[in-house]
2 protein chains.
Amino acid sequence: MTQHQPGAPRALPFGKLANGKLQGLLDALPPDLRLEMAGLWEHRTLSAGAVVIEDGQEAERIGYVLDGILVMVKKLSDDRRHIIGLLTPYDMFGRAFNGASGYRIEALTDTQVLTCNRAPFEQLIARSIEAEQLFLRNLLDELDAAREWVIALGGAKVVQRLASLLLILSRHKFNGVCGKPTVADGQPLNLHIQIKRQDIAHYLGTSPETLSRSFHQLEDDKIIRINTPYDIDVLDLAKLTEVAGNALLRERI
Amino acid sequence: MTQHQPGAPRALPFGKLANGKLQGLLDALPPDLRLEMAGLWEHRTLSAGAVVIEDGQEAERIGYVLDGILVMVKKLSDDRRHIIGLLTPYDMFGRAFNGASGYRIEALTDTQVLTCNRAPFEQLIARSIEAEQLFLRNLLDELDAAREWVIALGGAKVVQRLASLLLILSRHKFNGVCGKPTVADGQPLNLHIQIKRQDIAHYLGTSPETLSRSFHQLEDDKIIRINTPYDIDVLDLAKLTEVAGNALLRERI
DNA sequence: TCAAATGATTGATGGAAATCAATGAAACCC
DNA sequence: GGGTTTCATTGATTTCCATCAATCATTTGA
């Protein structure tokens with residue numbers, strides 16, 4: 001997701017969140033701003049399918065993902081949906097300084113987020129160099145993530161692109177908080193994908209039929225196990241990486 | 001490219017550059033900072049193929065494209081190259097505030113850029129709210145651009161993806177500087193694509209042969225005219241848009 | 001000036017994927 | 001419960017595309 005040097009701390013706006021507080025951000029800010037920033041944010045729990053930010057409307061709230069997965073969905077003129085990207089823990093969303101959003105943001109899974117109003121956030125950013133830099137770094141990380149998707153979607157065959165998608169989802173599950181693996185290597189990795197096949201298909205630039213065949217091809221090869229269409233175990237991360245045929249993803253897992 | 005409200009000027013760091021000066025930026029800055037910002041930038045001419053920023057190394061210079069096309073290339077471990085995105089006039093590049101870049105930037109064509117050292121640029125950004133906002137907006141535009149590519153590359157068929165590419169290139173031409181159209185609607189729109197077919201093909205995830213056929217399919221449908229492989233007239237923007245969004249090109253013509 | 005090299009195009013073909021059509025399978029609603 | 005809807009899957013067929021190969025056009029170099 002990021003392009004930072006190995007070993008360097010990742011640019012997280014809020015750092016370690018194990019205690020449920022904005023520890024990292026507070027540390028980075030001068031004491032007088034700590035209380036103010038902490039007071040801005042409000043914890044929210046979203047159910048899968050909830051619309052966080054509606055397409056086209058001014059985003060009045062800034063958000064930060066604690067747990068779960070959000071999707072950015074662009075609605076096309078002919079009623080189809082096109083998924084632009086995913087938002088996973090440590091990602092920020094919203095449109096600070098940038099007008100209305102061109103897409104809708106939905107909760108893909110049950111999700112925990114922090115949100116705050118846009119205006120006071122922007123004001124605080126403008127006053128504090130430290131806060132501004134955190135915001136900038138987060139923005140640059142988002143840019144890296146978007147470009148990672150470009151590479152993932154560049155795969156020639158459908159199984160390849162599907163493997164890339166599963167890898168990206170796996171990594172977020174696998175890395176846990178602040179890079180700590182939460183699942184032992186070699187164990188099945190359970191993915192709960194709360195998204196219709198049709199949407200995944202569109203995202204990967206293919207049809208639901210071909211996508212279904214690709215899923216079952218991976219299952220036949222003992223790389224994944226399909227418990228239900230929305231509940232999948234990754235059995236062989238190494239093979240999955242191989243199928244993806246993508247060096248970028250290979251390096252990071 | 002941008003998601004700003006209609007009518008609002010696009011967030012360009014330097015605005016109108018017809019006179020070769022940083023007119024727009026100067027206007028946006030307080031008088032005392034104008035001279036300082038202008039003094040930072042240095043005009044450079046790059047030959048096609050030149051490496052602007054090497055993969056993995058700290059980018060010590062910030063750049064801004066005046067003319068030509070730069071390409072962001074990710075080198076994969078198995079020696080293949082994957083093109084992540086293009087940089088066209090008014091795009092900024094470099095890694096201000098964000099460590100080393102994960103990809104290399106090359107000049108695809110003879111290119112004119114403005115560059116400046118990273119440190120003084122960052123310092124000026126930190127001192128000036130106006131400069132900071134210009135930078136932020138540019139960054140947000142880049143993010144929009146990257147996500148636009150995700151949509152473009154999501155097209156199922158090659159003609160579709162090619163149409164998306166031509167549309168994105170057209171918009172740069174058509175919008176002109178600061179959102180003003182430079183070409184009347186309905187007129188042929190001339191594009192100078194100084195990229196080899198092979199590179200375009202790779203970018204769109206296809207082969208040169210199929211790409212060539214797609215180009216000529218668009219020509220047969222009177223949507224474009226191919227003067228030379230590098231000089232193309234867009235005859236029908238509406239149809240081109242239709243093809244980009246709609247997989248059904250083959251049927252009705 | 002003529003080779004040699006590079007890039008663009010065209011043709012032919014096997015394999016991959018879109019499409020059409022039908023069946024399962026589960027959730028939902030009277 | 002039974003009927004309807006929605007989604008996932010499977011099969012059959014057509015279309016598309018990557019690949020191999022050859023040709024044409026343009027540029028390059030001795």
Side-chain angles (χ1 to χ4, degrees), chain A residues 47-49 78-83 108 153-166 191-221 224-232 243-245, chain B residues 47-49 80 82 108-110 153-166 191-221 224-232 243-253:
Chain A
S47 303
D78 55 350
D79 227 30
R80 287 174 304 146
R81 295 151 45 91
H82 197 132
I83 297 180
L108 193 60
L153 292 174
K157 294 178 187 174
V158 174
V159 264
Q160 209 175 337
R161 303 202 289 272
L162 173 58
S164 296
L165 173 69
L166 293 176
L191 294 180
H192 199 65
I193 309 175
Q194 184 55 40
I195 181 173
K196 286 188 298 188
R197 288 285 191 269
Q198 192 178 341
D199 286 334
I200 302 178
H202 198 188
Y203 187 23
L204 298 180
T206 185
S207 63
E209 296 94 332
T210 302
L211 180 68
S212 176
R213 290 182 236 270
S214 300
F215 262 109
H216 289 279
Q217 181 182 333
L218 289 179
E219 188 173 41
D220 291 345
D221 293 345
I224 65 174
R225 176 172 49 225
I226 306 173
N227 303 317
T228 78
Y230 299 96
D231 181 19
I232 289 174
V243 172
Chain B
S47 302
R80 287 175 303 140
H82 202 297
L108 258 183
T109 68
D110 290 345
L153 292 175
K157 296 177 186 174
V158 175
V159 262
Q160 216 175 332
R161 303 201 290 272
L162 173 58
S164 296
L165 172 69
L166 293 176
L191 294 180
H192 273 279
I193 309 177
Q194 294 147 312
I195 316 173
K196 285 187 299 188
R197 288 286 191 270
Q198 191 178 341
D199 285 331
I200 301 179
H202 192 187
Y203 191 18
L204 297 180
T206 185
S207 62
E209 297 94 332
T210 301
L211 181 68
S212 175
R213 291 182 236 270
S214 300
F215 263 108
H216 289 280
Q217 183 182 335
L218 289 179
E219 188 173 41
D220 291 345
D221 293 344
I224 64 173
R225 177 172 48 225
I226 306 173
N227 303 316
T228 79
Y230 300 95
D231 179 19
I232 288 176
V243 173
N246 226 327
L248 334 150
L249 173 67
R250 215 130 255 286
E251 277 90 272
R252 13 68 309 145
I253 297 187

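Everything numeric in this text was worked out from a predicted model, so none of it was measured. Quick note on labels: first sequence line is chain A, next is B, and so on, each numbered from 1.
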Starting at atom [atom1] of [X], determine the distance to atom [atom2] of [N], rounded to an integer number of angstrom.
| X | N | atom1 | atom2 | answer |
| --- | --- | --- | --- | --- |
| B:Q160 | D:dC17 | CD | C1' | 14 Å |
| B:E219 | C:dT10 | CD | P | 9 Å |
| B:K157 | D:dT14 | NZ | P | 16 Å |
| B:L204 | D:dC16 | CG | C1' | 16 Å |
| B:R161 | D:dA18 | CZ | C1' | 12 Å |
| A:Q217 | D:dA8 | CD | C1' | 17 Å |
| A:I226 | D:dT9 | CD1 | P | 6 Å |

Contacts of type side-chain hydrogen bond (donor to acceptor under 3.5 Å, both in side chains), residue [X], not counting sequence neighbours:
| X | value |
| --- | --- |
| A:T210 | A:S207 |
| B:Q198 | none |
| A:Q217 | none |

Which distance, rounded to the nearest 0.5 Å, do you find between the [atom1] of [X] and the [atom2] of [Y]?
| X | Y | atom1 | atom2 | value |
| --- | --- | --- | --- | --- |
| B:I224 | B:H216 | CD1 | NE2 | 8.0 Å |
| B:S214 | B:R161 | OG | CZ | 8.5 Å |
| B:Y230 | B:H192 | OH | NE2 | 13.0 Å |

Counting primed atoms, P, OP1 and OP2 as sugar-phosphate and everything else as base, the B/S/- map of nucleotides 22-27 of chain C against protein heavy atoms under 4.0 Å is ------
Name the closest nucleotide to the A:R213 side chain, picking from C:dT19, C:dA17, C:dG11.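 The closest nucleotide is C:dT19.
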Ignoring the backbone of A:S207, work out which of D:dT9, C:dA17, C:dA18 is nearest its side chain.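 Nearest to the side chain of A:S207 among the choices is C:dA18.
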Return the minimal non-hydrogen interatomic distance between A:A201 and A:P208, and the atom names on each side.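 Heavy-atom minimum between the residues: CB-N, 3.6 Å.
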What do the steps show when you test A:L204 against A:L162 for side chain to side chain contact (heavy atoms under 4.5 Å, CB included), and what is the final call? CA-CA 7 Å; A:L204 298 180; A:L162 173 58; 4.2 Å; yes
Please map the stems of DNA chain D, keeping only stretches of three or more Watson-Crick or G-U wobble pairs with both distances under 3.5 angstrom.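 As far as DNA chain D goes, consecutive pairing (with distances under 3.5 Å) yields the stems C:1-30 with D:1-30.
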Below the 4.0 Å mark, does C:dA18 have OP1 or OP2 next to a side-chain nitrogen or oxygen of A:T210?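 Yes, such a contact exists.
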Would you say A:L166 and A:L218 make side-chain contact, with heavy atoms under 4.5 Å?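 A side-chain contact exists here, since the closest heavy-atom pair is under 4.5 Å.
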Of all residues at least two apart in sequence or in a different chain, which pass the side chain to side chain contact (heavy atoms under 4.5 Å, CB included) check with B:R197?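 Only B:I200, B:L211, B:F215, B:I226, B:P229, B:I232 meet the side chain to side chain contact (heavy atoms under 4.5 Å, CB included) criterion with B:R197.
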Please tabulate the protein-to-nucleotide N/O contacts below 3.5 Å involving nucleotides 21-27 of chain D, giving atom names and distances.
none

Taking N or O atoms only and anything under 3.5 Å, show me the protein contacts with nucleotides 6-8 of chain C, one pair per line.
residue	atom	partner	partner atom	Å
C:dG7	OP1	B:K196	NZ	3.1
C:dA8	OP1	B:R197	N	3.2
C:dA8	OP1	B:Y230	OH	2.8
C:dA8	OP2	B:R197	N	3.3

